[in-house]
Every structure is written in C-alpha cells, then in structure tokens.
Amino acid sequence: MFRYAFEMTPIVTPAEMAAIDAAAPEPVEELIERAGTALARTALDMLGGGYGRRVTVLAGKGNNGADGRAAAQRLRRRGVRVAVVDAADAPDSLPPAHLAIDAAYGTGLRRPFSPPGPAPSIDDPDQAAPILAADIPSGVNGLTGEIPGHAWTADQTVTFGALKQGLVLHPGAQHCGQITVASIGLDVSGVRTHLVTADDVGRWLPVRPVVAHKWKTACWVIAGSPGMTGAAHLAATAALRGGSGYVRLSTPGLDAADLHAGPAGPTEAVGFPLPADDWASVVVEDELARFKSVLVGPGLGRHPSTFQAVRDLVAKVQLPLVVDGDGLSALGPDAPTLLTHRTVPTVLTPHDGEYRMLTGAAPGPDRFAAARSLAAATGAIVLLKGPTTVVAHPGGDALAVTSGDARLATAGTGDVLAGLICGLLSTRAEPMHATAAAAWIHGKAATACPLAGTKASDLLSVLPQMWEAAAQKAVT
C-alpha cells in the first residue's frame, strides 16, 4: 500500500464513506451542521450575496436532505428567502429562484429517481436557475456514476469529506459541474483511491541530473509491422517526449532504413532491425542491460509467430515493461499465468475491448473494481482507458485521471500514451506514478489541441508544454 508524503484528493465508494462517517468521533448532527455550513457558503458565493435573493432547496428525508435543511437555516440568517420542498412530495416544477439546491438524495439511493422540473430563474424566466448539488447530484449512482432514472445537471457540487466514485465516473461526472471537496473533519487517511491533479504530477516528474547521459534513460520500443509503421513512430517519439535520452526502435521484419521511412519517421530514434520471427531471442541476447524500460505491442499485428514472440519477451525480459495494443492481444486470457512470475514492473494499457480479451468479460460499471481485479490477477499495473482513466496497482491502490476529453478518441493516441509511459519508466520514476503522470500529461495535451480535427501526432509537440506546466506546480 502506498503512503503518500503529501495530501492527495481522496475518492471513496458509498460503503467506504458510510464507514468513515460511522467512525467519526463527532455525532452525526455535528457533521450535518458542518456540511450545511459548507453548502451555504458556496450558495452565497454563487448568489453574490444574501439579501433579496431567493433559493429553493429540494430536500429528502435522509442525511442529504438534512444537509440541505441545515444550509437553508444559514442562508435565512444571511437574509436569503428560502423555500424548502420535500423531495418525496415535490410538485412537477419548483418555484422560481435565483438558485436551486439539490439535496434530495445522496449516495445511498438505490432506485431510479426523476426530479421535478428545475426551478425557473428569477433573473431570466426562460432559463433554469443555477443548481448547487449537495454531495452528489440526486439520481447519480455514487459507486458507478450510472443514472438509472434522471438527474439534474448541477452547476456546482459540494461533496463532503472526499470525492465519490460517481462524481468522477461517467455519465455521473457530466452532471456535477465544478466540484468542491469540503473538509468536515472526517478521517480519510486510509482511503486507497485518489484523483490525480497537476500538483501530484509535478511532484512525480523526474528531474534530469547534471551528470546525465543518454544511456541513463534508454528505452527500447518494439512496435509496428511492415507497411504499418505509424504506431511505431508515434510511440517512439512519445518516449523521447517522456524523458528517454535514447530510444531504440524496432519493427520486426524491417531493416533500420525502413524504420525511418515516411514523413512521420522519428529522426532521433535509433533503428535496430529484428527478424520477422523469433525476434524475442534477439532482444534478450543483445545489450539489453543498457536499457531501462521496454515497450512492446503497438501495431505489431496478430500473426501467431508475433504472439509467440511477445510471450517469449514477457517471460525473459526482466526490465520495466509496457504492454500495449497487439501485445495485449498476444497475452489474451493467459495474462495472469504469463505475468505473475515477473519480478519487475509491468504496465498493461487496455481499452474495454482489450480488457475483455484479457479477462473474458467487459469491465463492469465500477471501473475502479475492474482495474483492480485485473491488476491483482496479473501482478501488473493496469491503466484502464476511458473518459475517466483508472490506474490500479496490484496491491489495491488506484488513481483516477480526468484531464483528457473526447479529442483523444482518434486512432494513434493510445500509441502516444504507451510511448510516454515507457519514456517515464526509463527515467526510473516510480511505476505507478509514471503511468498516472503519463495519462495526465497525455490528457492535458489533448485539451490544448483544437476541438475539431485533432490527430494523434498533434499531441507530440504539446507534451513538453504540459510536462513543464506540471513541473512548475511542484516549484511553486
């Protein structure tokens, strides 16, 4: 289990939150008062003041509703006119307001919920009033982010003690707006799931020492196939952007000259020919000890001899290893048998389809549990791709990366991510942190590109800027 030397943003399941609440030394009434105070404070910020403003609170019968009622009392003391509407007996539409507070149901809701129509805005009756959610938008599953019924889309959410999984997993994440985690005195030090932020990445990124030379951070990228070298080029360039001082690039079946063919060929990568078959033995017998990490899989193809070579490589190469793309297909359902013997870190980077190949089933709605399950079975760090990327350690810790968006949904971006992870591993960065940092930088690079027309190679030139921005966070 990791013990972080600095504070990270915790994420909990509803069951974990219930246990944390139960363990609190303060009575529940005190916790409700603190939650109500935090909620009222944000409401006043959204209102721009108190006097003359109207707020409608949709309040349920549980603790979530109690938080909303506590906030209502504080708002009244500040001159706000507050209407509290019982969620169980709500009309089809709420009275006009300057702000609506959603405190109907929290993470314990187990049934579909359909809220009433949003309160019309007093400032603009044709628009709905802004919405502030207490802890989680009502109707969002706190474990999975699923919405079995309906949910309002909040402008802001104040969540208490820790983020809830349903706030970071989709589609729930799309209903939360800006999220504030309000500390109400709960002990969350034992939480094993955290959100990755720029501050975290800045602390994890390596600094190249004064006495560095290229071989200190050398990596070997084994990717691509004859006629399909794009993935190899993307991955090799990303490895260089990820901190490798020397990248050896091999595509089985191509000679060194062919490796650089085409306009996207990485000039700085050093081509090294491998035979089309039984190439793993060549890798193992070469000067492998000079390298610090290896990437295998992007664009390799799915020929049986390729699959066998990947398996041989995994068995024999005792260096930090990233397995991506066709490399994951080569492992298939035998991944636990093939990987658990390894004594050095392995990183697997599946999307949902590759996860199914590895496990026999698609990830369930609790994507943290899915990534943890595969990590535990294989002994590998698992990066499960998605709108929220989950990085899981075989020991049970997990990290969530939310920096990217739909601009990453284009061919080749996964090759860039795999190369970036390999590059960071070559710097001897801690493997779990290297994987999560690469995912965060990769996502931020996408958001710096145009909303339309972004392609995978566009990320490559932006990666150093995102690295630098995170590194500056650590300095300041």
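- Looking only at atom types and distance, the side chain of S250 has a donor-acceptor partner in the side chain of W220 under 3.5 Å away.
- Remark: the T9 side chain and the H194 side chain contain no N/O donor-acceptor pair separated by less than 3.5 Å.
- Geometric assessment of R192 against the ring of F368 yields a negative cation-pi assignment under the 6.0 Å and 45° thresholds.
- Residues T144 and D366 have side chains that never bring a donor and an acceptor to within less than 3.5 angstrom of each other.
- Here E287 pairs with R248 in a salt bridge; the nearest charged N to carboxylate O distance falls below 4.0 Å.
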Exercise. Would you check, one step at a time, whether the test side-chain hydrogen bond (donor to acceptor under 3.5 Å, both in side chains) holds for Y105 with R111?
Key: CA-CA 10 Å; Y105 300 102; R111 57 178 174 80; 3.2 Å; yes
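- Under 3.5 Å, the side chains of R342 and T378 contain no donor-acceptor pair of N or O atoms.
- If you check the side chains of Q178 and D155, you find no donor sitting under 3.5 Å from an acceptor.
- Using a cut-off of 4.0 Å between Lys/Arg side-chain N and Asp/Glu carboxylate O, D67 and R34 are scored as not salt-bridged.
- Between R367 and D352, at least one side-chain nitrogen of the basic residue sits less than 4.0 Å from a carboxylate oxygen of the acidic one, meeting the salt-bridge criterion.
- Using a 3.5 Å distance cut-off with no hydrogens or angles, the side chains of T197 and D199 do not pair a donor with an acceptor.
- Environment of NZ in K444: sparse, with no more than 12 heavy atoms of neighbouring residues, nucleotides or ligands closer than 6.0 Å.
- Side-chain N/O atoms of S305 and D277 include a donor and acceptor closer than 3.5 Å.
- Side-chain contact check for T217 and K292: no donor-acceptor pair (N or O, by modelled atom type) lies under 3.5 Å.
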Quiz item: Stepwise, does the side-chain hydrogen bond (donor to acceptor under 3.5 Å, both in side chains) test hold for R311 with T337?
Solution: CA-CA 11 Å; R311 290 176 170 226; T337 302; over 6 Å; no
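- Note that the NE2 atom of H433 and the CG atom of L205 stand 11.5 Å from one another [nearest 0.5 Å].
- With contacts defined as side-chain heavy-atom distances shorter than 4.5 Å, the pair T389/L383 qualifies.
- Proximity of I147 to N141: side-chain heavy atoms (C-beta onward) are nowhere separated by under 4.5 Å.
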